[in-house]
Peer 1: 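Right, I'll just put the structure down here and ask away after.
In what follows, chains are A, B, ... by sequence order, proteins preceding strands, each numbered from 1.
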2 protein chains.
Amino acid sequence: MPAETLPPVICTVDVVLLTLRDDALHVVLHKRDREPFLGALALPGGYVHPQEDQGTEDAAVRVLRDKAGLESPYLEQLATFSGPGRDPRGWSVSVAYCALVPSGLVPVDAPQLRVMPVDRLPALPFDHKSIVDQAVARVRVKSQYSSLPVHLCGERFTLPQLQAVYEAVLGEPVNKVSFRRKMDELGMLEPIAGEQELGRANRPAQLYRVRREFRRTLSLLDRGM
Amino acid sequence: MPAETLPPVICTVDVVLLTLRDDALHVVLHKRDREPFLGALALPGGYVHPQEDQGTEDAAVRVLRDKAGLESPYLEQLATFSGPGRDPRGWSVSVAYCALVPSGLVPVDAPQLRVMPVDRLPALPFDHKSIVDQAVARVRVKSQYSSLPVHLCGERFTLPQLQAVYEAVLGEPVNKVSFRRKMDELGMLEPIAGEQELGRANRPAQLYRVRREFRRTLSLLDRGM
DNA sequence: CGAATAGTGTCTGTTAGACATTATCGA
DNA sequence: TCGATAATGTCTAACAGACACTATTCG
């Protein structure tokens, strides 16, 4: 079948922007500023712009910048969703991306943004609910055997803080001794010399940061957590 | 930006059809029957047909049927590749799928098909080389901790045969005792009562098949192989 | 000093792999 | 009976998790 006779396909990207708030995974939703679903909360997304984007990842970066006002250090392609019914405008393809950011990076006073817990989401337009579900499932699985959750921490953090992040994402407690052995095994963290988290009525915790080489990479465990 | 002003995006699917031959992963390539790259070997692929496809997976199934003449019991979305340069016709998006089939399902006498070892591929048009590489990497990783390789076996097989398949995919020997423990743990195989592989000068091996409930699912290991 | 949490040492049960042993076929 | 491979038993080393102990801060 020659290409010219084919009806057009709507080509978009959607970003599942995840962050941690109150020890629970949250997704950043965006109030739609056009039809369809004008005014509804949905995933930040938009058309691919063939004139300017070198690929769908560029489009995702642009959407994050324009709609959520941030640059995510971690951005991963999730999956592609398609079909005649998911968008009322017609047959569409949406390449979904998953971004993880420390909560400090999410703009606080942006009226068009809402940060919602992933376990108690409102109804979402399109098939955005299942996109979020798939992203969360992927993040949980990947956190079992990788350094993914460090992207939810800021630049400096203590091991007990990082352990709490793992526990929040995995939804279950993690053995302290094993956890520290694993983090050591990953070889991805470095203590910040002389820097400790003081000010609390207990032994201060050592501050760590991600080694430069691992800033934008994942580190994998042979066996899971 | 209103949709009408955006230049069109070419929307296609490509299928990485993998099988095992001579204890090595092979990919089934298809001789292109149109421009661009007319006559070149490439991944079987084609346009999404919005009138008939309910999603890109339908398009992948159709492509497999039309170009490779088979129905794959295992078909998984791999990733989506996009950009202005990958297809000379213009800015394109290709949703890539990965299929695994027993070698018996690949038509033997189809002149438009070639079965090539994944480790010694010729140059391929588009970005098909990197799509194949990504599919192979994914299959290898997933075989570490799942029942994926059973889809490369036929309906009936012995445990030593299945172990050989795992070893071929993983590229390294597997401990026999552990392997059998793992397969037992997966709870996915059932012995075919009274059926053994006879005819060789040694103790015959028990024949197994995949339990009905697991025919189209993957079974996952807590820890890897 | 006491409360609280960070960080570490150690023990034990579980698991993976090496090796040995037994089983069962054809020749 | 012999050679070959299937299938299983068993021992050991590695690992994960439980628990306890020490360290260090604030009040």
Peer 1: Can you sort out which residues in residues 144-169 of chain B have a heavy atom within less than 4.0 Å of DNA chain D? Ascending by number, please.
Peer 2: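 Those residues are B:P160.
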Peer 1: Count the heavy atoms belonging to other residues, nucleotides or ligands that lie under 6.0 Å from CZ of A:R140, then report whether that count exceeds 12.
Peer 2: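 Yes, enclosed.
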Peer 1: How many Å lie between CZ on A:R180 and C1' on C:dA6, as a whole number?
Peer 2: 6 Å
Peer 1: How many Å lie between CG on B:L221 and P on C:dT15, as a whole number?
Peer 2: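 It works out to 13 Å between those atoms.
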Peer 1: Tell me the interatomic distance from A:E172, atom CD, to D:dA16, atom C1', rounded to whole angstroms.
Peer 2: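 Distance check: A:E172 CD to D:dA16 C1' gives 14 Å.
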Peer 1: Can you measure B:E197 atom CD to D:dA4 atom C1' for me and round it to whole angstrom units?
Peer 2: 13 Å
Peer 1: Check whether more than 12 heavy atoms from other residues, nucleotides or ligands sit under 6.0 Å from atom CZ of B:R114, and answer yes or no.
Peer 2: no
Peer 1: Once rounded to the nearest 0.5 Å, what's the spacing between atom OG of A:S178 and atom CZ of A:R223?
Peer 2: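 If I round to the nearest 0.5 Å, the distance is 12.0 Å.
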Peer 1: Other residues, nucleotides and ligands only: do more than 12 of their heavy atoms fall within 6.0 Å of CD on A:E195?
Peer 2: yes
Peer 1: For A:R215, look at atom CZ and say whether over 12 heavy atoms of other residues, nucleotides or ligands are found less than 6.0 Å away.
Peer 2: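 Yes, because the 6.0 Å sphere around CZ of A:R215 holds more than 12 heavy atoms from other groups.
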Peer 1: Hey, which sits more toward the 5' end of DNA chain D by its nearest nucleotide, B:R223 or B:L207?
Peer 2: B:L207
Peer 1: Step through the shown structure and confirm whether more than 12 heavy atoms of other residues, nucleotides or ligands are within 6.0 Å of CD on B:E185.
Peer 2: yes
Peer 1: Using salt bridge (charged side-chain N to carboxylate O under 4.0 Å, His left out) as the criterion, list what pairs up with B:D23, not counting sequence neighbours.
Peer 2: none
Peer 1: Starting from P on D:dA6, measure out to CE on B:M183 and report it in whole angstrom.
Peer 2: 16 Å
Peer 1: Give a yes or no on this: more than 12 heavy atoms of other residues, nucleotides or ligands lie within 6.0 Å of atom CZ of B:R211.
Peer 2: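 More than 12 within 6.0 Å, yes.
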Peer 1: For nucleotides 17-27 of chain C, give me one character per nucleotide, 5' to 3': B if any protein heavy atom sits under 4.0 Å from the base, S if the only such contacts are to the sugar-phosphate, - if neither.
Peer 2: BBB---BBBS-
